[in-house]
Amino acid sequence: MDDVTTLPPTDTHQLTPLFYSEEEAAFLLGIHRTTLRTLAMHDEAPVPAIHITEHKRIYRRIDVERLAGVTP
């Protein structure tokens, strides 16, 4: 008899990312990604940006989905 451990099926809800890229966030918010970038650069974005590098920003999924009205 083999001693094999099987993992339970993965629930796809658990694999939901916590952050959106600038392009994904802009799409959900209904604005162009360069508009979101410009607003974020002037600290006027509709949701707070998290600055990863000087040129890369991400946005918390919960913030974007609440503002976009897609949170259940």
Side-chain angles (χ1 to χ4, degrees):
M1 177 178 234
D2 292 336
D3 187 22
V4 177
T5 305
T6 58
L7 298 175
T10 305
D11 182 6
T12 56
H13 249 45
Q14 294 175 353
L15 300 177
T16 304
L18 296 177
F19 301 96
Y20 283 125
S21 69
E22 196 163 65
E23 187 171 339
E24 293 167 327
F27 176 79
L28 286 171
L29 296 172
I31 58 177
H32 196 273
R33 66 178 175 78
T34 56
T35 301
L36 182 58
R37 179 184 310 143
T38 301
L39 291 170
M41 289 171 56
H42 293 97
D43 290 325
E44 298 175 359
V47 292
I50 299 169
H51 298 267
I52 301 299
T53 67
E54 183 180 350
H55 301 287
K56 180 150 176 91
R57 292 162 206 80
I58 58 175
Y59 300 84
R60 287 182 356 142
R61 177 181 55 87
I62 191 86
D63 294 337
V64 173
E65 289 180 352
R66 281 184 183 155
L67 186 62
V70 294
T71 300

Examine Leu18 and Ile52 and state if one hydrophobic cluster contains both, with Ile, Leu, Val, Met, Phe, Trp and Tyr joined whenever side-chain heavy atoms are less than 4.5 Å apart.
yes
Restricting to pairs with a member in residues 36-49, which pass salt bridge (charged side-chain N to carboxylate O under 4.0 Å, His left out), not counting sequence neighbours?
Glu22-Arg37
Set of side chain to side chain contact (heavy atoms under 4.5 Å, CB included) partners for Phe19, sequence neighbours left out:
Ile50, Ile58, Arg60
Enter the distance from Tyr59:OH to Leu29:CG here, rounded to the nearest 0.5 Å.
9.0 Å
Rounded to the nearest 0.5 Å, what separates atom OG1 in Thr34 from atom CD in Glu23?
11.0 Å
Restricting to non-hydrogen atoms, name the atom on [X] and the atom on [Y] that form the minimum distance, rounded to 0.1 Å.
| X | Y | answer |
| --- | --- | --- |
| Asp63 | Val47 | O-CG1, 3.6 Å |
| Pro17 | Arg61 | O-NE, 2.8 Å |
| Leu36 | Pro46 | CD1-CD, 4.0 Å |

Kindly write out the residues that satisfy salt bridge (charged side-chain N to carboxylate O under 4.0 Å, His left out) with Arg33, not counting sequence neighbours, or none if the list is empty.
none
